[in-house]
Each structure stands twice: as structure tokens, then as C-alpha cells.
**Student:** 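My structure is below; once you've seen it, I'll send some questions.
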Amino acid sequence: MAAAGGAVLLVLVLTLAAAATSVSGQHDYSDALHKSILFFEGQRSGRLPPDQRLRWRRDSALNDGATAGVDLTGGYYDAGDNVKFGFPMAFTATLMSWGLIDFGRSFGAHAAEARKAVRWATDYLMKATATPNTVYVQVGDAFRDHSCWERPEDMDTPRTVYKVDPAHPGSDVAAETAAALAAGSIVFRDADPDYSKRLLDRAIEVFEFADKYRGPYSSSLHAAVCPCYCDYSGYKDELLWGAAWLHKASRRREYRDYIKRNEVVLGASEAINEFGWDNKHAGINVLISKEVLMGKDEYFQSFRVNADNFICTLLPGISNHPQIQYSPGGLLFKVGNSNMQHVTSLSFLLLAYSNYLSHANVRVPCGTSSASPVQLRRVAKRQVDYILGDNPLRMSYMVGYGARYPLRIHHRGSSLPSVAAHPARIGCKAGATYYASASPNPNLLVGAVVGGPSNTSDAFPDARAVFQQSEPTTYINAPLLGLLAYFSAHPNLAQSDLPHD
């Protein structure tokens, strides 16, 4: 990310006594859900609709795609920058859709606005896949963009268009795009059947392209997509992931056969402790396991074994996995930047799997012990509560939720004066003054969840310069929607199992 000057670091560090514990209060999960969906309005690119609620944002990037002769307006900026990266955007759409599919009834009055958030992504992905055997995967020069600190409404850096095609394959990003379109088709099956059919038809075409022309997009487009969104895990997991979503959306036997035929070849059991925009292995196993646990398909029993093993690595007191840790304050922690992306995505899988187990009335076998569905839900709820303020610093990591939350997030639009407050253009380097300021951001990006504590001491610097901890992303919030929806409908975890969606 851009380094536009030295920010004053206001580091909030709490020394924990060995016996210190977090005092949990009752959270307004419905309010947090509303705010988490609202965050996506702050990330919108393109022409904003009349019902736009974050009014400090204005239209931006209205000529995206013009240099390539295509319309690529719309979609989401991935984080605090002004680039549209197709890989994390597609994953974001897939996870928002999964939350609606599994916990739709729990969304209640928020279901319609959640579908709007999904559609803002799927509408863009339909544009990005309108040319056969081509997926437009990025708009904007990341290196030029990251050298500036400017509002999306002002940006003057190159809006370079990048694509994958038969000569430049990108099975990973194409298959994830197919997964997003397939998942979206399920979300809109009742609300908009015609749109649902178009999404599914396009998902089938895009997956065929991804499978036929195999290769990682970070080889074809290395200079453009690395290091921001290099696919370090390869493209095989996305092919299985895309097939799994197409099977779920279409119920076609060909995808069922594809999954089983390629289970070993495409490495379904590899790296099962990971799940995010790059690595789909754990998600594949949890998603496909639903077929087994619902009594629909013993054919996929091996995926359930993989899912059980994965779930066991996440459970405190049971797991001894070297890559999964918990902070003294109880936060799930994995080495790397933007830890909250792991917290929300892994917690979502815990919750989804707990519901599948509840339907089957079974527990997770973990060596010589086992865990009940309600135990999985408790772990997931503990993570959500940590994000919302039940942590040693007593601060919410969601902007606008609770009495105390991050004020200096690493986000260009939030940290610069709005167009309404400052109509004159703020140039590429002119934003450096705002970047380096110790003042709170003038525009509240309501609902944004930042990267959070990056180490096991529960420390958090509320500083723009520390982007690893202070930057929000769409793929942190995406899995959180389903979690917040579920806990808004089931706020209290009893000793016995809970009703499930």
C-alpha cells in the first residue's frame, strides 16, 4: 500500500494479567448486520444509485473498461485503495451468497439489502464475463494507485484493464468467478428467477473456460496482480470450488462426477486449515459435506472426513495445530496480515458446519474426543463478540458500532474530505497530508471491519500507516454477514443445541 508519510502512531497496548478475562455483554447483532451490509455501499465503484445511504461517496470510475472497448463500470473496490481486483471481489460475492443461502431466514428485514450487496458484485461479474472465453479480472494499475492517496472520485491513475483468455489462462480467478455467479443464482432463485437463470448459465460457461484452459492467473498476469492478489495456493482448489457451487446450483450429475473424479488430482485434502480468497480447500470440504450430513450423498464421505479434521484444528482445547493460535483475549490468530479475514471466514465455516451437524444429529470426532454442534457455534460466537468489543481493549473493530472503534482506518475515501466538504480536486500527492495526520477520518465508513490485532498480545495501533491492521476489506465483511444474521436470530447459546436454519 502507499507510504505517503509518517503517521503518528497511537498504539493502544494492554498488558494482560494471567487471569484476565473478557466481560461479555449482549450485542445488537441486527444493528451490526445492518452496518456490515452498509459498508459495501462505501466500497461501490461506478454510478451510485438514488438510494445510496453513505452520502459522502459520489460517482467514480465511470469510464472503466473503455480502453478495452467494454463496459466495466460498477463492482467494488477491494479495500482502502481504488483498484477493482476480480479475484477477491468474486470470493466476496460467493461468501455473501453462502451466508444468505444457509442463514437466509435469519437475515429477516436485512435480506433485501444483503441481496443488493450481492447484486452489485454479480452485475459487475456479468459484465466482466460477457465476452466468451474471457474474464476481465482487474481494472486499475495497482502500483500507480498505491503511490497515491486520493479519493476514488478524483483518481487520475491509469485504469488499465487486465483479462485472462485462452492464451493467458487464469483458472483460479475464472473458477472463483463461476462460483460467485453460481452462488448468486441460488440467492436470486426466488427473488428474481430470470436473473438467477442468467447467472447460472454464465457460471456454466465461465467454468468450462476455466477448466479447459488451465493455468494460474498469477503467471499470466504476474506483473499486474502480484504481490497484491497472487494466487499462492494454485488454481486446482478453485476448480473444485467452482464445480461444487455449480453442483449445488444446478444439481447436474456432471459436476458431481467432476468433483469425485478430480478429488485427489485437484487436492481436496490439502492445506485444510486455510480458507480465504486464495485458498478454498477447507470451504470445499465443508460445502460438499453438507450433502453427506443431510443424507443426500454418501458418495462424498471422504470430504466429510476432511471437513471433520479441519474443524478439529480450530477448536480451543482440542487443537494442537501449529498454524492455529488464540490470543490471550481469545482471538483466533494466524500468522500474516489482516488477521480478521481469517477470523471471519473460519468462524463462518464453523457456524455452517455446526448447522449441517445439527441436521444430522451428530458430533465432530476429534481423536479421542468429540465436539457438539453447539460447541462449534460457541467458538464462532466468541470470535464475533471479540470483533464487536468483547476483547481486552474493550473496542469494537467494526467502524460505527459500539462506543469505541477505529478512527484512523487505512482508507482513502474515508480519510480525505468528502466532495461535498471539499469540492476542489485533491491530487495524487496532495492527499499525503491527510494520510499523515493524526486526526480521525472525516468520513465514517460505517460497518467496515479492519484487519485487527496482528499478534497474540491483542494490541492494536489505530493508525493509517499500519495498513496490515487498520485497513478494511470486502472479504473480511463478506462471511460476517451470515454470522451476524444467525446470531441476531439466536443471540443466546444454551447448553443444549439450538434451532437451525
**Student:** With rounding to the nearest 0.5 Å, note down the distance linking SG in C148 to CG in D81.
**Tutor:** 11.5 Å
**Student:** For R57, which of Q52, E153, E41 qualifies under side chain to side chain donor-acceptor pair (under 3.5 Å)?
**Tutor:** E153
**Student:** Taking the six-membered ring for Trp, are W245 and W241 parallel (under 30°), tilted (30 to 60°) or perpendicular (over 60°)?
**Tutor:** perpendicular
**Student:** I want to know whether F333 and Y326 have ring centres closer than 6.0 Å.
**Tutor:** no
**Student:** Stepwise, does the side chain to side chain contact (heavy atoms under 4.5 Å, CB included) test hold for L444 with Y405?
**Tutor:** CA-CA 11 Å; L444 211 61; Y405 46 79; 3.9 Å; yes
**Student:** Within the supplied structure, the quantity of interest is the number of heavy atoms (other residues, nucleotides, ligands) at a distance under 6.0 Å from K236 NZ; does it exceed 12?
**Tutor:** no
**Student:** Do Y475 and F91 have their ring centres less than 6.0 Å from each other?
**Tutor:** no
**Student:** Between K280 and E238, is the salt bridge (charged side-chain N to carboxylate O under 4.0 Å, His left out) condition met? List the steps.
**Tutor:** CA-CA 6 Å; K280 312 303 186 311; E238 276 80 24; 2.6 Å; yes
**Student:** Step by step, would you call F39 with L445 a side chain to side chain contact (heavy atoms under 4.5 Å, CB included)?
**Tutor:** CA-CA 6 Å; F39 156 73; L445 185 57; 3.8 Å; yes
**Student:** Check the side chains of T474 and T92 for a donor-acceptor pair under 3.5 angstrom, ignoring hydrogens and angles.
**Tutor:** yes
**Student:** Is the side chain of K35 donor-acceptor paired with the backbone N or O of A448 at a distance under 3.5 Å, no angle test?
**Tutor:** no
**Student:** In terms of the angle between their ring planes, are F85 and H146 parallel, tilted or perpendicular, with boundaries placed at 30° and 60°?
**Tutor:** tilted
**Student:** Side chain to side chain donor-acceptor pair (under 3.5 Å) with R159: which of N63, T67, D64?
**Tutor:** D64
**Student:** Once you round to the nearest 0.5 Å, how far does OG of S414 lie from CD1 of I409?
**Tutor:** 4.0 Å
**Student:** Would you say Y229 and S218 are linked by a side-chain donor-acceptor pair, where the criterion is simply a distance under 3.5 Å?
**Tutor:** no
**Student:** Is any NZ, NE, NH1 or NH2 atom of the basic residue among R115 and D192 found under 4.0 Å from an Asp or Glu carboxylate oxygen of the other?
**Tutor:** no
**Student:** For D141 and T157, indicate whether the former's side chain and the latter's backbone hold a donor-acceptor pair under 3.5 Å.
**Tutor:** no
**Student:** Is the backbone N or O of N443 less than 3.5 Å from a side-chain atom of N441, with the two atoms forming a donor-acceptor pair by type?
**Tutor:** no
**Student:** Looking at every non-hydrogen atom in both residues, tell me the closest pair between L125 and A180 and how far apart they are.
**Tutor:** CD1-CB, 3.8 Å
**Student:** If only side-chain N and O atoms count, and only distance matters, is there a donor-acceptor pair under 3.5 Å linking D28 with S30?
**Tutor:** no
**Student:** Looking only at side-chain N and O atoms, does H342 offer a donor or acceptor that is under 3.5 Å from a partner on Q383?
**Tutor:** no
**Student:** If we ignore angles and hydrogens, is there a donor and acceptor under 3.5 Å between the side chains of D165 and Y136?
**Tutor:** no
**Student:** For the CG atom of D462 and the CD atom of Q469, what is their distance to the nearest 0.5 Å?
**Tutor:** 10.5 Å
**Student:** With rounding to the nearest 0.5 Å, note down the distance linking OH in Y124 to OG1 in T129.
**Tutor:** 10.5 Å
**Student:** Quick one: CG on N339 to CD1 on I476, what's the gap to the nearest 0.5 Å?
**Tutor:** 9.0 Å
**Student:** Using a strict threshold of under 4.0 Å (side-chain N to carboxylate O), is an ion pair present between R464 and E471?
**Tutor:** no
**Student:** Would R214 count as a cation-pi partner of Y235, with NZ or CZ less than 6.0 Å from the six-membered ring centre and within 45° of the ring normal?
**Tutor:** no
**Student:** Are any side-chain N or O atoms of W120 and backbone N or O atoms of R44, one a donor and one an acceptor, separated by less than 3.5 Å?
**Tutor:** no
**Student:** Distance alone, cut at 3.5 Å: any donor-acceptor contact between the side chains of K381 and Y29?
**Tutor:** yes
**Student:** Would H410 and W149 count as a close aromatic pair, with their ring centres under 6.0 Å?
**Tutor:** yes
**Student:** Say whether D123 and Y195, considering side chains only, have a donor N or O and an acceptor N or O under 3.5 Å apart.
**Tutor:** yes
**Student:** Any sub-3.5 Å donor-acceptor pair from S220's side-chain atoms to P169's backbone N or O?
**Tutor:** yes
**Student:** Just do the side chain to side chain donor-acceptor pair (under 3.5 Å) check on T94 and E176 with the steps written out, would you?
**Tutor:** CA-CA 8 Å; T94 307; E176 179 61 71; 2.8 Å; yes
**Student:** Using the rule given for salt bridge (charged side-chain N to carboxylate O under 4.0 Å, His left out), can you reason through D385 versus R382, listing the C-alpha separation, both sets of side-chain angles and the distance that settles it, and then say yes or no?
**Tutor:** CA-CA 5 Å; D385 289 346; R382 176 70 189 93; 5.9 Å; no
**Student:** State whether a side-chain donor-acceptor pair under 3.5 Å links Y217 with H222.
**Tutor:** no
**Student:** Just by modelled atom types, is the G267 backbone N or O under 3.5 Å from a matching donor or acceptor in the H281 side chain?
**Tutor:** yes
**Student:** Measuring from L332:CG to I324:CD1, what's the distance to the nearest 0.5 Å?
**Tutor:** 5.5 Å
**Student:** On a heavy-atom basis, which atom in F460 and which in P453 lie closest, and how many Å separate them?
**Tutor:** CD1-N, 4.3 Å
**Student:** Any chance you could lay out the salt bridge (charged side-chain N to carboxylate O under 4.0 Å, His left out) test for K116 and E113, step after step, and finish with the verdict?
**Tutor:** CA-CA 5 Å; K116 282 185 181 179; E113 59 184 278; over 6 Å; no
**Student:** Does any N or O in the side chain of D231 come within less than 3.5 Å of the main-chain N or O of W277, such that one atom is a donor and the other an acceptor?
**Tutor:** no
**Student:** Taking the side chain from S345 and the backbone from Q341, do they hold a donor-acceptor pair closer than 3.5 Å?
**Tutor:** yes
**Student:** For T134, does its backbone N or O pair with a side-chain atom of T131 as donor and acceptor, under 3.5 Å?
**Tutor:** no
**Student:** May I ask you to check whether over 12 heavy atoms, not counting those of R47, lie within 6.0 Å of atom CZ?
**Tutor:** no
**Student:** Taking G80's backbone N and O only, do any of them form a donor-acceptor pair with R412's side chain (distance below 3.5 Å, no angle check)?
**Tutor:** yes
**Student:** Verify the distance criterion only: is there a donor paired with an acceptor across the side chains of Y77 and S45 at less than 3.5 Å?
**Tutor:** yes
